[in-house]
Amino acid sequence: MTLAVDSELHELVHAGRVVVLSGAGLSTESGIPDYRGPSGASRRHAPMTYQAFVGSPEARHRYWARSYLGWRQIARARPNAGHRAVTALQDRGLLDGIITQNVDGLHQAAGARDVIELHGGLDLVVCLSCGLRETRTSIDERLRAANAGFVAAFAHINPDGDVDLSDEQLDGFVPVGCRYCSSDLVKPDVVFFGENVPRPRVDACYSLVEAAAALLVLGSSLTVMSGYRFVLRADKLGIPVGIVTLGPTRGDAKAGVRLDAPLGTVLPELARAVGAVASR
Ligand SMILES: [Zn+2]
């Protein structure tokens with residue numbers, strides 16, 4: 001059965017020069033929960049802030065223990081039909097850019113190019129003392145070597161890759177430091193709560209949005225200003241905004257096209273309707 005793609009959405013994308021802004025809702029069908037969207041249970045512990053992470057060795061120990069386990073889930077996640085459809089739209093030449101709030105790398109895994117990771121990516125870690133960057137795969141190998149005996153049961157995975165653990169379980173975890181300077185101020189290269197997106201990255205996104213014919217929000221409730229500001233900018237400049245997301249979003253009043261529907265269904269339909277066939 002073929003679903004009729006909303007004609008306004010079709011028109012918006014078919015005209016091209018679209019900038020995509022994607023959020024956690026695009027990755028839920030890949031098994032990464034969206035803790036703000038309708039399908040995501042609220043996380044049991046508040047996300048760690050940048051200030052807490054930098055201010056306390058205990059906080060870093062807790063973060064890395066959870067993150068070490070959560071990484072297994074993130075590393076296993078594969079792009080879904082929604083990611084592949086976005087790549088197909090890009091291959092068809094209809095997109096001027098892809099901005100994602102996600103840190104899971106799934107757009108790139110689906111073959112998308114020139115993706116701006118607004119909040120960074122979990123595939124790199126950075127030493128806050130000396131600036132050395134190391135791949136997540138590399139630090140994970142070192143963590144595994146240091147934690148051969150660390151076994152902990154965990155049930156709840158959050159989108160940033162951390163999990164819930166009791167204090168007793170945490171005690172058994174051995175963190176590792178920077179490969180170069182041994183500092184324990186090693187942090188995933190993602191923007192934490194309480195931390196600003198680097199200005200040049202924000203400016204690059206504004207430039208894309210300002211030159212676009214339309215802004216298409218996919219799977220974001222636009223709760224955080226770091227993404228919502230691009231909707232505000234588009235609206236101010238009279239650039240049409242489309243939003244396809246399950247559940248209400250903060251940008252609904254600004255959206256000329258608004259679909260409350262699952263992305264894994266809508267996006268492949270949309271791609272076919274505009275003649276872009278997902279090949280991956
Ligand atoms: Zn270092």
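First listed ligand is number 1; within each ligand, the first listed atom is number 1. These figures come from a predicted structure and were not determined experimentally.
- Residue Asp114 places its CG atom among 12 or fewer non-hydrogen atoms of other residues, nucleotides or ligands, all under 6.0 Å distant.
- The main-chain N or O of Val18 is never found under 3.5 Å from a side-chain atom of Asp96 such that the two would form a donor-acceptor pair.
- With Arg133 contributing its side chain and Val126 its backbone, the two residues share no donor-acceptor pair below 3.5 Å.
- Protein N/O/S atoms closer than 2.8 Å to the Zn ion (ligand 1): Cys127 SG, Cys130 SG, Cys178 SG, Cys181 SG.
- Ring planes of Tyr68 and Phe173: tilted class, angle from 30 to 60°.
- Under the 3.5 Å distance criterion, the side-chain polar atoms of Arg233 are left unmatched by any main-chain donor or acceptor of Glu210.
- Listed by chain and residue number, nothing satisfies the side-chain hydrogen bond (donor to acceptor under 3.5 Å, both in side chains) test with Thr49 (two or more places apart in sequence, or in another chain).
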